[in-house]
Engineer: 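Okay, here's the structure, questions in a sec.
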Amino acid sequence: MIGLITKTDANPFFVTMKESALRRADELDVELRTFAGLYDGDSEAQVQAIETLLADGADGILITPSAPAALAEPVGRARDAGVLVIALDTPFDPPNAVDATFATDNFRAGELVGLWARQRMGAGAKDARIATLDGSSAQVTVDVLRNQGFLAGFGIDIEDPQRMYDENDPRIVGSSATMGTEEGGRSAMERLLRERPAINLVYAINEPAAAGAYAALQARGVAEDVLLVTIDGSCSGVHRVAAGAFGATAMQYPLRMATLGVEAVVEFYATGRKPVDTPGLDFHDTGTALVTDVPVAGVPSIDTTRGLGECWGPTGPSE
């Protein structure tokens, strides 16, 4: 039996991941039990899910950790009990706290949208007024990697790559937590616009937060004056890129993460072999692609027509 523990069922990314895992488990005739937090950051629910799976004799656990540090002890006990534990999407710190990680190269995803934004703004990049809409202020690995990747791609000295908010570049005029939700993105953007009305570049940790930010920009009447970039690659997000709401998004592949995770547990218990990391990385890279209809020199990308052939989740609204 395999357990899948996601951050929340409110985010299409994790809904897609769950559906993919259930589908692959059914194909392999393996029992899969699913659990999720009530909100992004609900580590208590994830700890309880691990306890339940251990009591029920799980053979493997796939988990997208809301707060890796809070999960280190129960994950360690699961591994000590012989359970294979694989992180999906969000790495642990250190990475060897789990047996394997299947994830986007989150630093690279952030770097791609940062590189694109810098090229897109051209000479105006030196006078950019940047707001970052992050997941939380808790310095969770996925938040840090995406944020730091974006800033580095834009050409900002990120000081300590393992920590957010220690940069001294005056172009960064504000940052706020969104909890990765549309409501959080909107309220964060509204507050930042009140404090810094001249913002002209926004990075959002994911597409729900970006959608909320765009709604706030529209309500203020400045959407056309602000370049908005994000990460996810959902079908809804790709449609927003096509409509011009988002300048670019870095596509992730949650179906691939979930499928590979289920297969890895089955493989381990059949052969004893654990997953192998991508060369040069401390995790298995499930890939990323920049999606935009405005390609720029030196930054690899795909257009929204191709993106709609590779995206995931419901189509959702487009602007």
Side-chain angles (χ1 to χ4, degrees), residues 1-40 42-43 45-66 68 71 74-92 95 97-104 142 206 232-235 251-278 283-288 309-314:
M1 182 262 288
I2 302 172
L4 171 67
I5 307 170
T6 54
K7 294 181 182 180
T8 171
D9 277 338
N11 187 322
F13 182 89
F14 299 115
V15 173
T16 297
M17 181 179 284
K18 180 171 74 172
E19 291 172 348
S20 179
L22 286 166
R23 184 163 53 249
R24 188 58 178 142
D26 184 61
E27 292 169 351
L28 295 174
D29 195 25
V30 175
E31 180 185 1
L32 180 74
R33 298 184 188 176
T34 65
F35 304 81
L38 295 177
Y39 52 88
D40 196 337
D42 186 6
S43 57
Q46 293 195 316
V47 170
Q48 184 57 54
I50 293 172
E51 301 291 353
T52 298
L53 288 165
L54 283 175
D56 291 347
D59 298 302
I61 295 174
L62 311 175
I63 184 166
T64 60
S66 284
L71 295 167
V75 162
R77 284 192 287 106
R79 295 179 71 196
D80 289 343
V83 177
L84 187 74
V85 182
I86 295 176
L88 304 179
D89 176 61
T90 302
F92 278 74
V98 292
D99 293 292
T101 301
F102 291 106
T104 306
V142 69
N206 64 9
D232 259 348
S234 71
C235 295
M251 181 174 285
Q252 303 184 88
Y253 298 93
L255 288 81
R256 190 177 299 166
M257 294 177 201
T259 296
L260 289 172
V262 171
E263 292 173 350
V265 176
V266 173
E267 171 77 5
F268 177 73
Y269 282 95
T271 67
R273 289 194 295 268
K274 292 184 179 181
V276 178
D277 290 341
T278 298
F283 61 97
H284 184 103
D285 184 4
T286 53
T288 187
E310 299 182 13
C311 64
W312 44 267

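The shown structure was predicted, so the numbers you read here are calculated from the model rather than taken from an experiment.
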Engineer: Which heavy atom in V47 sits nearest to a heavy atom in L71, and how many Å separate them?
Structural biologist: CG2-CD2, 3.5 Å
Engineer: Please answer whether the main-chain N or O of R273 pairs with a side-chain N or O of E267 as donor and acceptor at a distance below 3.5 Å.
Structural biologist: no
Engineer: Do Q46 side-chain atoms and S66 backbone N/O form a donor-acceptor pair below 3.5 Å?
Structural biologist: yes
Engineer: Is there side-chain contact between V75 and I61, with at least one heavy-atom pair below 4.5 Å?
Structural biologist: no
Engineer: Side chain to side chain contact (heavy atoms under 4.5 Å, CB included) with A97: which residues, sequence neighbours excluded?
Structural biologist: F92
Engineer: For L22, does its backbone N or O pair with a side-chain atom of D26 as donor and acceptor, under 3.5 Å?
Structural biologist: no
Engineer: Using the side-chain hydrogen bond (donor to acceptor under 3.5 Å, both in side chains) criterion, which residues pair with D56? Sequence neighbours excluded.
Structural biologist: R33
Engineer: How many angstroms lie between CG in L88 and NZ in K7, if you round to the nearest 0.5 Å?
Structural biologist: 11.0 Å
Engineer: Give, for atom CZ of R23 and atom OG1 of T259, the distance between the pair rounded to the nearest 0.5 Å.
Structural biologist: 7.0 Å
Engineer: One thing to verify: whether D99 and R79 come together as a salt bridge, which I'm taking to mean a side-chain N less than 4.0 angstrom from a carboxylate O.
Structural biologist: yes
Engineer: Ignoring hydrogens and angles, tell me if any N or O in the side chain of T90 forms a donor-acceptor pair with the backbone of T64 under 3.5 Å.
Structural biologist: no
Engineer: Can you find a pair of side-chain heavy atoms, one from W312 and one from D232, that are under 4.5 Å apart?
Structural biologist: yes
Engineer: Is a donor on one side and an acceptor on the other found under 3.5 Å between the side chain of T278 and the backbone of D285?
Structural biologist: yes
Engineer: Any non-hydrogen side-chain atom of V276 less than 4.5 Å from a side-chain atom of H284?
Structural biologist: no
Engineer: Is T286 reaching over with its side chain to a backbone N or O of M257, donor-acceptor style, under 3.5 angstrom?
Structural biologist: no
Engineer: Do you know the tightest heavy-atom contact between A258 and A21?
Structural biologist: CB-N, 3.8 Å
Engineer: A side-chain contact here means heavy atoms from C-beta on lying under 4.5 Å apart; do D42 and Y39 qualify?
Structural biologist: yes
Engineer: Report yes if some heavy atom in the side chain of L38 is under 4.5 Å from a heavy atom in the side chain of T8; otherwise report no.
Structural biologist: no
Engineer: Does E27 form a side-chain contact (heavy atoms from CB on, under 4.5 Å) with V262? I'd like the steps, not just the answer.
Structural biologist: CA-CA 11 Å; E27 292 169 351; V262 171; over 6 Å; no
Engineer: Say you draw a straight line from CD1 of I5 to CZ of F35; how long is it, rounded to the nearest 0.5 Å?
Structural biologist: 6.5 Å
Engineer: Which heavy atom of I86 sits nearest to which heavy atom of P275, and what is that distance?
Structural biologist: CD1-CG, 4.3 Å
Engineer: Rounded to the nearest 0.5 Å, what separation is found between the CD1 atom of I2 and the OG1 atom of T34?
Structural biologist: 12.5 Å
Engineer: As a quick check of understanding, evaluate side-chain contact (heavy atoms from CB on, under 4.5 Å) for V266 and E263, giving each step before the final call.
Structural biologist: CA-CA 5 Å; V266 173; E263 292 173 350; 5.7 Å; no
Engineer: Inspect the surroundings of CG in D29 and state if more than 12 heavy atoms from other residues, nucleotides or ligands are less than 6.0 Å away.
Structural biologist: no
Engineer: Return a table of donor-acceptor pairs under 3.5 angstrom between the side chains of residues 9-17 and protein atoms on other chains or two or more places apart.
Structural biologist:
unit_1, atom_1, unit_2, atom_2, d
N11, OD1, F13, N, 2.8
T16, OG1, P12, O, 2.9

Engineer: Between E310 and R256, does at least one N-O distance fall below 4.0 Å, as a salt bridge requires?
Structural biologist: no
Engineer: Which pair of heavy atoms, one from A78 and one from V85, lies closest together, and at what distance?
Structural biologist: CB-CG2, 4.0 Å
Engineer: Over all heavy atoms of both residues, which pair between A81 and L54 is shortest? Give the atoms and the distance, please.
Structural biologist: CB-CD2, 4.4 Å
Engineer: At their closest point, which heavy atom of P91 faces which heavy atom of P68, and how far apart are they?
Structural biologist: O-CG, 3.6 Å
Engineer: Taking M1 as the fixed residue, which of V30, L53, L32 is the one that meets the side-chain contact (heavy atoms from CB on, under 4.5 Å) rule?
Structural biologist: L53
Engineer: When you measure from the side chain of Y269 to the backbone of D59, do you find a donor-acceptor pair of N or O atoms at a distance under 3.5 Å?
Structural biologist: yes
